[in-house]
Amino acid sequence: MTTLPNCPECNSEYTYEDGSMLVCPMCAHEWVAGEENNVEEEKVYRDSNGNILQDGDTVTVIKDLKVKGSSSVLKMGTRVKNIRLVDGDHNIDCKIDGFGAMKLKSEFVKKI
């Protein structure tokens with residue numbers, strides 16, 4: 001009996017062959033046998049001008065942004081220090097003086 005490799009996504013041992021593909025019934029991940037890519041691609045986040053953003057950078061807001069759930073507005077030119085990049089629909093987690101914790105999209109900021 002041939003031993004099949006564990007699933008590269010969830011490491012489940014219950015993989016099975018489906019034609020030339022290997023399938024994991026636990027997480028529904030499918031891959032071609034022999035092409036296990038364990039190299040994770042690092043996601044690159046860019047500001048509105050195309051500059052690469054990194055954790056800890058300082059950025060400014062390029063346009064007035066409405067704060068969801070509040071009647072206040074985050075004004076253009078507001079400086080945001082020590083950003084943290086995250087995955088999701090909003091790329092930047094940060095704390096802004098006077099507003100508190102915020103999530104911003106990288107397309108609305110400019111790196112200083």
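Quick note: numbers below take in every heavy atom, side chains included, and nothing from hydrogens, waters or symmetry partners.
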For a quick test of your reading: what N or O donor-acceptor pairs under 3.5 Å do the side chains of residues 68-75 make, sequence neighbours left out?
unit_1	atom_1	unit_2	atom_2	d
S70	OG	S72	N	3.2
S70	OG	S72	OG	3.0

With side-chain contact (heavy atoms from CB on, under 4.5 Å) as the criterion, how do K43 and D87 come out once you've worked through the C-alpha distance, each side chain's angles and the decisive distance to 0.1 Å? CA-CA 9 Å; K43 193 158 186 167; D87 288 333; 3.9 Å; yes
Less than 4.5 Å apart, side chain to side chain, heavy atoms only: is that true for S48 and F108? no
Lys/Arg-Asp/Glu bridge criterion (N-O < 4.0 Å) met for D93, R84: yes
Mind checking whether Y16 and C24 have side chains closer than 4.5 Å, heavy atoms only? no
Within-4.5 Å side-chain heavy-atom neighbours: I92 and L85: yes
Within the structure provided, determine whether S12 and C27 are in side-chain contact (heavy-atom separation under 4.5 Å). no
Tell me whether N49 at atom CG has more than 12 heavy atoms from other residues, nucleotides or ligands lying less than 6.0 Å away. yes
Is any side-chain heavy atom of T60 less than 4.5 Å from a side-chain heavy atom of T78? no
For the residue pair L22 and E17, what are the closest heavy atoms and their distance? CD2-CG, 3.5 Å
So does Y14 have more than 12 non-hydrogen atoms from other groups sitting under 6.0 Å from OH? no
M26 CE to E9 CD distance, which is reported to the nearest 0.5 Å: 14.0 Å
Any donor-acceptor N/O pair, T15 side chain to P5 backbone, under 3.5 Å: yes
Between V61 and V80, what is the shortest heavy-atom contact and its length? CG2-CG2, 4.3 Å
So how far is it from D57 CG to K81 NZ, rounded to the nearest 0.5 Å? 13.5 Å
Separation between NZ of K103 and SG of C94, rounded to the nearest 0.5 Å: 10.5 Å
Separation between OG1 (T58) and CD1 (I112), nearest 0.5 Å, reads 6.0 Å
Main-chain N/O of M21 paired with D18 side-chain donor or acceptor, under 3.5 Å: no
Ignoring hydrogens, what is the shortest heavy-atom contact between K111 and V59? Give both atom names and the distance. CA-CG1, 3.9 Å
When you compare the side chain of L65 with that of K63, does any pair of heavy atoms fall below 4.5 Å? yes
Is it true that Y45 and N51 share a donor-acceptor pair across their side chains at a distance under 3.5 Å? no
Could you tell me the separation between the CZ atom of R46 and the CG atom of L53, rounded to the nearest 0.5 Å? 9.5 Å
Is it the case that one hydrophobic cluster holds both F99 and L104, taking links as side-chain heavy atoms less than 4.5 Å apart, direct or via other members? yes
Which value, rounded to the nearest 0.5 Å, describes the distance between I62 atom CD1 and E107 atom CD? 8.5 Å
What is the minimum heavy-atom distance between E13 and N6, and which atoms define it? CA-OD1, 3.4 Å
In terms of hydrophobic clusters joined by side-chain contacts under 4.5 Å, are V23 and L4 together? no
